[in-house]
Structures are given as C-alpha cells and as structure tokens.
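So you know, we letter chains A, B, ... as the sequences are listed, proteins then strands, and number each from 1.
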Protein chains: 2
Amino acid sequence: MASRSYGQYCGVTSAVELIGERWALLIVRDLLVGPRRYTDLKQGLPKIPTNILSTRLKELQEGGVVRRVPLLHCGLVYELTPYGRELEPIVLALGRWGFAAMGDPGPDDVVTVDSITMALRTAFRADAAASLPSAVYDLHVGDIVLRADVDGDDLVVTQLAPAGRPTAPGAPRRAREPDLVFAAGPGIRRVISGELTPTEAIDQEVLAVVDGDATLLERFAETFFIETAAAAA
Amino acid sequence: MASRSYGQYCGVTSAVELIGERWALLIVRDLLVGPRRYTDLKQGLPKIPTNILSTRLKELQEGGVVRRVPLLHCGLVYELTPYGRELEPIVLALGRWGFAAMGDPGPDDVVTVDSITMALRTAFRADAAASLPSAVYDLHVGDIVLRADVDGDDLVVTQLAPAGRPTAPGAPRRAREPDLVFAAGPGIRRVISGELTPTEAIDQEVLAVVDGDATLLERFAETFFIETAAAAA
DNA sequence: CCGGATCCGAATCGATACTG
DNA sequence: CAGTATCGATTCGGATCCGG
C-alpha cells in the first residue's frame, strides 16, 4: 500500500500518508466522539461506500491510528489508539478553520450526531466558559438531541434519544435537568460566528427556545464561539 | 467540482474538501515557507504530476487558500492568503504528529529544502529556546544548507546556497557568522526525538560537526525536540 | 441486523509528451 | 517558465451479495 507514497522524508508527509486518504479524517472525527461499530460509522458517514470504509479501517489499523476491539457477545467496535487520539486538537483546529469556509448547507448536506458533537467541541471556549456559571444545554437539531454539559472549563457532550433518555452507555455526569432547551437550524452557524446575536437569531427563527431561561442563550453564545477573522480572499 | 462533496454540513468536512485532496496539504506546507513559483513547487514536490499541481493550485485559489501574484517582468508566484496562512499551526502540529510515525527513509525518499525548513519549525520549542542564549546554526543535509537563527523564542530559517550565500531575497536578520556548522543525515530524527544524545549521534556518525563549538549541539537538541510519547499500537 | 466482500462503470491520478 | 494534452493505471462510488 506504500505504492502511493509521496516520496518525501518529512513528518507532514507521513501524517498525510496515514490520514490523508479520502474519508480517513472523517472516520477519525467520528471515532473521537467515542468507539463506534462498523454500522455506526456507516450511518455517520452516509455517503461513504462500504468498501472504502472497510479499506480505510484496515489502513488506519496498519498505521496504528485505530484499533479493532471485539465486544463479548456483542459484535465489535473500532476505537482510536492513544496515538490516534493525539489527533484531537488537530481535528478540532481543522474544524475551526473549515468553519470559516462553511457556507449554507447544500440541498443534500446532512448533519450527523457526531459532526454536531465535534462542532460543539470545536466551538467550545474553555477560557470563556471557565469564568461563567455552569450550565446544561439540550440542543435539538432536526431529530437529533444533544446535551452539552458545561462545568467550568470542561465540556461533555452526550447524545440523548429523542424521548430524552441518554443512549450512550454510562450515565451523564450529573443527573440534572437542562437549564435551557432549544432547537436550532443550520443558521446556528451565524450565532457561533458572532454574525447574529441570540436575540436576532430568535427573531429570524434560526433558534427557538423550547424550555428554560431564554437569557441563557447569551451565555451559550459566549461559551460556543468561533472567530472567523479572515474571509476567503 | 463539488461533485466529490462528502455531503455533510460540518467544519471538518469543509476543511477536508478544501485541503484534503491528494498533494494539496504538501503544497500548503511549501507555501508556508514563502511564496513560490510553479517551478519551485514542482521541484519541491518531485513526484507530483504537473497536471495535478496545476489542478490543485486552481482549486486552492478557488477555496481562497492560495493567491496567484504576478511579479513585474519576472513571472509569477503563488502565495498563501491570510486564510491559508491560518493553517500554519495545524500543519506544524500534523508534522509533529507524523514525525512519530516516521521510520527510516525509504530508498526513493527525498528530502527537500522546504520540508526540512518546516521540520525545523515543527521541532522548534519556543519555550525551551526562550531560556537559552541565542544561536545561529548552519545545517548541511546532503547538498542543502539551511541556517536556523534562534533568537529568544523566535526562529528564522533561511536557505543558504551551498557556497554560503543566502539565496532568498532579503538579507538574513543579522549578518553574523554561525555559532555552529554541522552536517546531518536522516538519523537526525533520532536526535530530535531524544532517542540519541548529540554525543551518541556523533559516535554513530549521524551528525558531524564541521565548524564551531560542538557543545552547542546540546543546545540545539534542547531547542529542536519532538516528544513521541505514544508508540503506534 | 452486523460486518463486511465482490463486481463494475466513472472519475481521478500518474507519467510522459508537448506548447506558448 | 508555466502550464496543457493525452492516455493507461488506480481508485472511488454505487450496488449487490454473503456468511454469521
């Protein structure tokens, strides 16, 4: 498989050979949220051909980025190795960088649980959050419900089933009611970029408060924020 | 060209669509060193097909990552836009990450000026350098001669012509003689990873001091260092 | 359902040649 | 110097199929 080598002795080149193939980094992105089964990955990457998924998983294993872990009586999952997990800050930074180039969603663009989870984590401002009171936000995006639990400079994102029960194994860190429940469309991007204030967002029906104190949206906007200083030339 | 879209509304996805194509990030890596002409890029990426180079440059321009700048009477250069330059910390981090996976160079692996330059910048420890005296190192790798000028927490890498004159336009920051001149083979990787001390490296003929105070190699090793904690599983 | 493997047409890549 | 043009070799994408 080294046939497609770039022929350079360089760290960047090595990195790109490991995770530069098509789809590879998106697989890593989803695995950063947690271990996933083959089928979960396929669902999270709706447009990936199954042979490509299986090829990439093999390559990522050979590269020491991903590990295959059998579950007793329950199938198996793929998870990042410690080395693979070191990509987290890089993927988050790439997410922030790419955020600036995101336009509006195309007609076929899909939003997945893992991509929103990572989006929240890329947008999370630990420094800003540290000086704000803790808060639990429940965020509805289409059928997806996520809980963002902000406690000091720490963020934990969990997926909630539409009914309101966590699906992920392991209880949420604190069993408390959300301080704010709101629904968002793709326009939430404009809030996170600071283009829109929460109030404007509600006026334009980009956001809708379902329950809780609407003024908490201000805190949300301070906690989750991506500066997009430079526009594309 | 959006035909190969990943179909997700996500920052990471956007980023990968902009710079995830084959060769694209290596072009960015070379442009991070400075503006380059088409021919320079081709030389720096010896194995890139010329049609791919030209396609990528067009795509990177469309994406607002790269800009084409005509030079009066002297052809033209490609350079990163401000948005493209924001990739610098990401590329450096990727270089550090990939460094851990670098084995020994393959028989066909080439080392280029720009890749060494970026390698030095990825390995540069601003914090360590800040508490050490300034120093100028001239580093010979094959035919390539680079000058690493460390001043406090700042690093400037310039290419020197084999004879000893800077080729890059603009004089080096300070016109002073190097404190240390040494030659290195690919084994310098083991020094930068801390696998080898400078003394061991000299014993094993990985490094050879050409001129100057050999004990400065210790300072070099403290200044340029990449921790490779996690081994590939 | 889970975890893939296989097959095939379409698009991309790589190598070389060629041009303003 | 700065690319196009061409063409065979790969890879990707989409669909289907298979063993547990």
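- Note on Arg37(A): every side-chain N or O is 4.0 Å or more away from OP1 and OP2 of dC1(C).
- Between Lys42(B) atom NZ and dG14(C) atom P the separation is 16 Å, expressed in whole Å.
- Aromatic pair Phe124(A)/Phe225(A): centroids not less than 6.0 angstrom apart.
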List the steps and the verdict of side-chain contact (heavy atoms from CB on, under 4.5 Å) for Tyr6(A) and Leu45(B).
-> CA-CA 8 Å; Tyr6(A) 290 93; Leu45(B) 274 4; over 6 Å; no
Provide a list of protein-nucleic acid N or O atom pairs under 3.5 angstrom, restricted to nucleotides 4-8 of chain D.
residue: dT4(D); atom: OP1; partner: Lys58(B); partner atom: NZ; Å: 3.3
residue: dT4(D); atom: OP2; partner: Ser54(B); partner atom: OG; Å: 3.2
residue: dT4(D); atom: O4; partner: Thr50(B); partner atom: OG1; Å: 2.7
residue: dT6(D); atom: O4; partner: Asn51(B); partner atom: ND2; Å: 3.4

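- Close to dC12(D), at under 4.0 Å from its OP1 or OP2, lies no side-chain N or O of Trp23(A).
- In this structure, Gln43(A) reaches neither bases nor backbone, as no heavy-atom distance under 4.0 Å exists between it and the strands shown.
- One finds a salt bridge joining Arg4(B) and Glu21(B) here, because a Lys/Arg side-chain nitrogen approaches an Asp/Glu carboxylate oxygen to under 4.0 Å.
- For the pair Glu59(A) CD and dT11(D) C1', the interatomic distance rounds to 11 Å; values are reported in whole Å.
- When all heavy atoms of Asp30(B) and Arg36(B) are compared, the closest pair comes out as O-CG, 4.2 Å.
- For the pair Ile52(A) CD1 and dG14(D) P, the interatomic distance rounds to 10 Å; values are reported in whole Å.
- Shown here for Ile144(B) and Val113(B), the closest heavy-atom pair between the two residues is CD1-N, 3.6 Å.
- Counting any heavy atom pair closer than 4.0 Å across all strands shown, Leu76(B) reaches sugar-phosphate atoms only and no base atom.
- Taking side-chain N and O atoms only, Tyr78(A) has a distance below 4.0 Å to OP1 or OP2 of dG4(C).
- Every residue was checked against the side-chain hydrogen bond (donor to acceptor under 3.5 Å, both in side chains) condition with Glu227(B), not counting sequence neighbours, and none meets it.
- The CG atom of Leu57(A) sits 10 Å away from the P atom of dA5(C) (whole-angstrom rounding).
- In this structure, CZ of Arg4(A) is placed 7 Å from C1' of dC13(C), rounded to the nearest angstrom.
- Nucleotide dA15(D) holds its C1' atom 16 Å from the NZ atom of Lys47(A), rounded to whole Å.
- Taking every heavy atom of both residues into account, Thr228(B) and Phe99(B) meet most closely at CG2-CD2, 3.8 Å.
- Remark on the helix from dC1(C)-dG20(D) to dG20(C)-dC1(D): inter-end axis angle 30°, axes from five-pair C1' superpositions, rounded to 10°.
- Side-chain nitrogen and oxygen atoms of Arg68(B) include at least one within less than 4.0 Å of the OP1 or OP2 phosphate oxygen of dG3(D).
- The nearest pair of heavy atoms linking Leu60(B) to Ala24(B) is CD1-O, 4.3 Å.
- Atom-to-atom, CD1 of Ile27(A) to P of dG3(C) comes out at 15 Å; the value is rounded to the nearest Å.
- At whole-Å resolution of the value, CZ in Arg56(B) and P in dG3(D) are 16 Å apart.
- The shortest heavy-atom contact between Val136(A) and Glu177(A) is CB-O, 4.4 Å.
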